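The model shown is predicted, which means the values in this text are computed figures rather than measured ones. Only this structure's heavy atoms are used, side chains among them; waters, hydrogens and symmetry mates stay out.
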Protein chains: 2
Amino acid sequence: MIESHFARIRARHALSTEEESAIRDAMGPSRAFDAHHTFIEAGTPLNVSVLLVEGIAGRYKDLSDGRRQITELHVPGDFADLHSFTLKQLDHNLISLTPCRVVLFPHSNLTELTERYPRIGRLYWFATNLDAAIHREWVLSMGRRTAIARTAHLFCELQVRLSLVGRAEADGFDFKLSQVDLSECLGLTDVHVNRSLRRLREAGLMTFRGGRVTLHDLDGLREVAEFDPSYLYLAPHPL
Amino acid sequence: MIESHFARIRARHALSTEEESAIRDAMGPSRAFDAHHTFIEAGTPLNVSVLLVEGIAGRYKDLSDGRRQITELHVPGDFADLHSFTLKQLDHNLISLTPCRVVLFPHSNLTELTERYPRIGRLYWFATNLDAAIHREWVLSMGRRTAIARTAHLFCELQVRLSLVGRAEADGFDFKLSQVDLSECLGLTDVHVNRSLRRLREAGLMTFRGGRVTLHDLDGLREVAEFDPSYLYLAPHPL
DNA sequence: CGTTCGTTTGAACGACCTCAACGATCGTGG
DNA sequence: CCACGATCGTTGAGGTCGTTCAAACGAACG
């Protein structure tokens, strides 16, 4: 059920079998959602954290005129709101962008887990800091990258993150979002996302069609995006 | 020396005198920097975390053409790179935007501190999650707010964060950044920042001149910005 | 077979950028 | 005390990237 979570952790840190089973013992019940269901709303008091095991989820904030900004995407194996363990409520919403399956972790279990295994606490702290690093890269994208580079960068990031949990290859991956969803990630209009995708396709770099990303030239795509994966902290880190 | 740090913590959480002195015991040496000195570079192995006690600092990332994006500002009392405690190196740089004074906390001291006082560990975890919340709001600003609203929003955020540590009032605060620095925070050109500031001034909302922000109409400014301070988690949170 | 949802394309507009010049302020040295 | 350079702020003119509005197209589905 949560194999992808362990894969994600082990991409960066060692994890003993004792630690692994301690994490398993902290698991609560599982839930499934249809696509486009907001399963956590900003401001709601929370006493569980949500681990995503299947599907793509997103964090988002809305402006009063209805325009929406997704601030981060989540892939299987990600703790989608480990933040709430310390924040106790969120400043943003969480939505399933495809059908999703999650596992709930009661905060009381997490308190016990992290007090008994302080190293797991630091591992999870690391995980939320990794979310912050992804946010920073998105700020850079929104602030300084053109629409083309920004679009290319998002697919480069997803390719890396999905391949860590066996959901992507170097030549492509399934990705069942609409162009409207994409535009909400990229801070662009859906019309302009469509045009950017066309230009990436015509440049022979990648195709996004029918819920599938095909990477014709990953190196070229990374060059356009100025993609430097160091913000994803892939090298093993002693902790 | 680190009174503003305790003020910042106590704005959100209770802190016993025992916890306070445990934090004091973890302090390392102090350092001072001139303005515009990059004091932590991306990729450098780190074994200390930096607490800002005086001045304004910023996290930034550069693109290959030299364009720069600041992804977060730090005010006195902020741990400017508590992230490195778990990440061990940063994906971005830290710069003093005004003359700054910092206190170093060796990671070994922080490990000891947080293992002995798990609640302080959660408080600091909260602090890095608050950084992530600020990042998300900036992603929203960059992606969906106009130049005027984005500029207004930044000053609203600073007013709140600085007043928590006694560096701002409802009618203004000292803020010795250049318009170029500001433009690197806002993902705009310096020219356009200048025009946005002019429009905010002509609308009777605020003036930024000579290193000083004067807030003529804070409510009006917040309205333009659609500023909702809940992302700063000001209400006391049991932890 | 009509409905719905997502994609694609065109034309016109506007927000922000680029480039360039000028002005204001301030510290420094003659 | 003034001249000077350096830095930062201000303004204008014109260009570009991305948006807005509108319409047509295609695929999936009951």
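- Put simply, B:Gln179 has no side-chain N or O that comes within less than 4.0 Å of OP1 or OP2 on D:dT7.
- If you measure from atom CG of B:Leu177 to atom P of D:dG9, you get 10 Å, rounded to the nearest angstrom.
- Backbone-only contact: A:Arg209 has heavy atoms under 4.0 Å from sugar-phosphate atoms and none from a base.
- If you measure from atom CZ of A:Arg144 to atom P of D:dG18, you get 14 Å, rounded to the nearest angstrom.
- Using a 4.0 Å cut-off between charged side-chain N and carboxylate O, A:Arg167 and A:Glu54 make a salt bridge.
- Note: CD (B:Glu202) to P (D:dT10) measures 11 Å, nearest angstrom.
- Proximity note for A:His192 (side chain, C-beta onward) versus C:dC17, C:dG10, D:dG18: the nearest is D:dG18.
- Of the candidate nucleotides D:dG18, C:dT18, C:dT7, C:dT18 has the atom nearest to the side chain of B:Arg195.
- When the P atom of D:dT10 is taken as reference, atom CG of B:Asp190 falls 11 Å away, rounded to whole Å.
- Salt bridge A:Glu137/A:Arg145: present, at least one basic N to carboxylate O contact under 4.0 Å.
- Atoms CG (B:Leu197) and C1' (D:dT11) sit 14 Å apart, rounded to a whole Å.
- Annotation for B:Asp181 and B:Ile70: closest pair O-CD1, 3.8 Å, computed over non-hydrogen atoms.
- The closest side-chain heavy-atom distance from B:Pro99 to B:Phe33 is not below 4.5 Å.
- Closest contact between the side chain of A:Ala147 and the listed nucleotides C:dT8, D:dT11, D:dG18 involves D:dG18.
- Annotation: of the two residues near DNA chain C, A:Ser178 and B:Thr146, the 5′-most nearest-nucleotide partner is A:Ser178.
- Residue A:Arg145 contributes atom CZ, which lies 18 Å from atom C1' of D:dG18 at whole-angstrom precision.
- Dashed line: the shortest gap from a side-chain N or O of A:Asn194 to OP1 or OP2 of C:dT7 is not under 4.0 Å.
- For A:Leu188, taking side-chain heavy atoms from C-beta onward, the closest of the listed nucleotides C:dC16, D:dT20, D:dG18 is D:dG18.
- Atom CZ in A:Arg199 sits roughly 10 Å away from atom C1' in D:dC17 (whole-Å rounding).
- Residue B:Arg198 has no polar side-chain atom (N or O) positioned under 4.0 Å from OP1 or OP2 of D:dT10.
- Between the CG atom of B:Leu186 and the C1' atom of C:dC16 there is a distance of 13 Å, rounded to whole Å.
- A residue-by-residue look at A:Thr189 and B:Arg201 shows that B:Arg201 has its nearest nucleotide of DNA chain D further toward the 5' end.
- What you find for A:Leu162 and A:Pro76 is that their closest heavy atoms are CD2-CD, 4.4 Å.
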